[in-house]
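Here the structure is laid out as structure tokens; the discussion comes afterwards.
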2 protein chains.
Amino acid sequence: MTTAETRGESLSIGEVAERTGLSVHALRFYEREGLLVGPVRRTTGGRRRYTRVDVDWLLICVKLRESGMPLADLKRFAELVRQGPGNETERLRLLDAHQQRVEEQIRALEECRSVIAWKVGVYADHLARGQADGLWDPTA
Amino acid sequence: MTTAETRGESLSIGEVAERTGLSVHALRFYEREGLLVGPVRRTTGGRRRYTRVDVDWLLICVKLRESGMPLADLKRFAELVRQGPGNETERLRLLDAHQQRVEEQIRALEECRSVIAWKVGVYADHLARGQADGLWDPTA
DNA sequence: ACTTGATCTAGACCCCGCTCTAGTTCCTAG
DNA sequence: CTAGGAACTAGAGCGGGGTCTAGATCAAGT
């Protein structure tokens with residue numbers, strides 16, 4: 001069997017899927033959508049061969065996606081990178097804006113957490129002392 | 001003009017939309033989907049009148065949704081509440097499970113944040129000292 | 001009475017982000 | 001040589017979560 005290790009560097013789509021957590025379907029889809037920084041190389045047989053750089057980029061993509069960046073923005077970022085040096089300011093703006101959204105998401109989630117924790121507390125309490133009140137009861 | 005204040009308590013769909021941040025469309029949609037804890041009362045003319053309890057429930061819903069609870073789970077929760085007392089343990093389990101997912105989301109987001117922060121740092125650095133390297137440049 | 005604006009219902013439609021299918025080709029192990 | 005698994009393409013399909021439309025009705029102000 002020929003693996004990345006035995007071959008030195010370039011990876012098959014399946015190997016990349018494993019390493020990034022994206023499905024092979026998703027990887028092909030991302031490519032079609034122009035979310036990669038460069039055309040993926042192919043073997044003579046037409047199979048994709050991903051480089052270390054491709055994988056690094058995908059790992060960043062995964063984090064950006066996980067944190068809610070829309071594919072459209074990811075695409076924009078990929079385009080900037082593809083254009084090469086000269087637009088770093090814009091790339092930074094894009095990342096920075098996203099970072100702020102992430103901060104905001106964390107803030108919002110923390111607020112949700114506290115509301116939920118309170119509600120959980122109400123129920124736990126109620127169950128602890130066999131019965132009580134203060135719960136939703138539309139039949140009341 | 002007749003408002004909640006002048007009327008004492010019951011609210012129109014528009015007023016509820018304002019107070020919860022949900023659109024009137026979403027409110028009707030939630031109702032159809034069985035996400036409310038009880039049938040909404042109507043005026044003789046057929047308009048919905050929401051009570052304080054409805055609004056409180058919706059405010060919780062909003063927090064649960066914001067933190068990623070799927071409508072299906074929300075619906076399950078609503079069903080439990082609608083059934084009345086006796087299933088508090090299950091309600092608690094549901095909330096508790098969700099709370100854990102929220103914790104996990106926060107953890108994941110924080111990790112994303114740090115990756116992004118690092119990337120932002122790389123770009124900021126690069127821009128600060130006029131030019132450098134270590135950036136994505138597929139043209140290289 | 002009339003106008004204006006909020007609501008009503010049912011159902012069609014939309015966006016996002018993949019996922020899956022079909023039918024084919026490649027490639028490696030036995 | 002052959003079998004079986006991995007990969008290929010193009011495009012259809014899907015699940016989630018609403019949003020929007022049409023056409024009608026209701027309610028309040030003037």
Side-chain angles (χ1 to χ4, degrees), chain A residues 1-7 10-36 39-50 54 58 61-78 98 101 105 112, chain B residues 1-7 10-36 39-50 54 58 61-78 98 101 105 112:
Chain A
M1 191 188 174
T2 313
T3 67
E5 287 71 40
T6 63
R7 221 179 29 246
S10 109
L11 303 176
S12 74
I13 195 169
E15 290 167 330
V16 173
E18 264 180 51
R19 281 163 174 72
T20 59
L22 293 166
S23 70
V24 297
H25 295 297
L27 284 169
R28 291 194 277 247
F29 169 72
Y30 276 27
E31 185 176 341
R32 263 189 273 171
E33 294 295 299
L35 304 178
L36 302 191
V40 178
R41 301 180 133 282
R42 303 289 185 120
T43 63
T44 49
R47 272 82 198 290
R48 293 172 177 80
R49 301 299 340 182
Y50 294 84
D54 291 325
L58 282 167
C61 287
V62 165
K63 288 303 175 192
L64 293 173
R65 284 288 305 126
E66 260 184 36
S67 50
M69 180 181 284
L71 292 187
D73 291 15
L74 207 44
K75 179 171 185 175
R76 177 76 189 126
F77 190 24
H98 183 62
R101 275 171 300 181
Q105 276 185 80
C112 292
Chain B
M1 189 187 175
T2 313
T3 68
E5 287 72 39
T6 64
R7 220 179 29 248
S10 110
L11 304 176
S12 74
I13 195 168
E15 289 166 331
V16 173
E18 263 180 52
R19 281 161 174 71
T20 59
L22 294 164
S23 71
V24 297
H25 295 296
L27 283 169
R28 290 194 277 246
F29 169 71
Y30 276 26
E31 185 176 341
R32 263 189 275 172
E33 294 295 300
L35 303 177
L36 302 191
V40 178
R41 303 180 131 284
R42 303 289 185 120
T43 64
T44 49
R47 272 80 201 289
R48 294 172 177 81
R49 301 301 337 182
Y50 295 83
D54 292 325
L58 283 167
C61 285
V62 165
K63 287 304 176 190
L64 293 173
R65 285 287 306 125
E66 259 184 36
S67 51
M69 180 180 285
L71 292 187
D73 291 15
L74 207 44
K75 179 172 185 175
R76 177 76 190 125
F77 191 23
H98 183 61
R101 275 171 298 182
Q105 276 186 79
C112 292

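Please read all numbers here as calculations on a predicted model, not as lab measurements. Residue numbering restarts at 1 for every chain, and letters A, B, ... go by the order of the sequence lines.
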Which of residues 23-32 of chain B sit near DNA chain C, with a heavy atom under 4.0 Å from it?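 Going residue by residue through residues 23-32 of chain B, the ones with a heavy atom under 4.0 Å of DNA chain C turn out to be B:Arg28, B:Arg32.
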A:Asp54/A:Arg48 under salt bridge (Lys or Arg N to Asp or Glu O under 4.0 Å): CA gap, chis, key distance, verdict: CA-CA 11 Å; A:Asp54 291 325; A:Arg48 293 172 177 80; over 6 Å; no
Spacing between [X] atom [atom1] and [N] atom [atom2], to the nearest angstrom:
X       : N      : atom1 : atom2 : result
B:Leu22 : D:dG18 : CG    : P     : 8 Å
A:Glu18 : D:dA6  : CD    : P     : 11 Å
A:Tyr50 : D:dA7  : OH    : C1'   : 10 Å
A:Leu74 : C:dG17 : CG    : C1'   : 12 Å
B:Glu66 : D:dG16 : CD    : P     : 20 Å
A:Lys75 : C:dC16 : NZ    : P     : 12 Å
B:Arg49 : C:dA6  : CZ    : C1'   : 11 Å
A:Glu15 : C:dC27 : CD    : C1'   : 14 Å

Hey, does the side chain of [X] come within less than 4.0 Å of [N]'s phosphate (OP1/OP2), counting only N and O?
X       : N     : answer
B:Arg48 : C:dT7 : no
B:Ser12 : C:dT7 : yes
B:Arg42 : C:dT9 : yes

Under the criterion side-chain contact (heavy atoms from CB on, under 4.5 Å), I'd like the reasoning laid out for B:Tyr50 against B:Arg19: C-alpha separation, chi angles, the key distance, then a yes or no. CA-CA 11 Å; B:Tyr50 295 83; B:Arg19 281 161 174 71; over 6 Å; no
DNA chain D: 5'-proximal contact among B:Leu71 and B:Gly46 (nearest heavy atom):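 First, find each residue's nearest nucleotide; the 5'-ward one identifies B:Leu71.
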Shortest non-hydrogen contact between [X] and [Y], atoms and distance:
X       : Y       : answer
A:Leu58 : A:Val16 : CD1-CG1, 3.7 Å
A:Ile13 : A:Val24 : CD1-O, 3.7 Å
A:Pro70 : A:Arg65 : CA-NH1, 4.2 Å
B:Leu11 : B:Glu15 : CA-OE1, 3.3 Å

Salt bridge or not between A:Glu31 and A:Arg28? Use side-chain N to carboxylate O under 4.0 Å.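 No, A:Glu31 and A:Arg28 are not salt-bridged.
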Have a look at B:Cys112 and tell me which of A:His98, A:Glu66, A:Gln105 forms a side-chain contact (heavy atoms from CB on, under 4.5 Å) with it.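 One option only clears the test, and that one is A:Glu66.
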Give me the distances for all protein-to-nucleotides 23-25 of chain D N/O pairs that come in under 3.5 Å?
{"residue": "D:dT25", "atom": "O2", "partner": "B:Arg47", "partner atom": "NH2", "Å": "3.1"}

First locate atom CZ of A:Phe77, then atom CG of A:Leu64, and finally report the distance between them rounded to the nearest 0.5 Å.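 Answer rounded to 0.5 Å: 7.0 Å.
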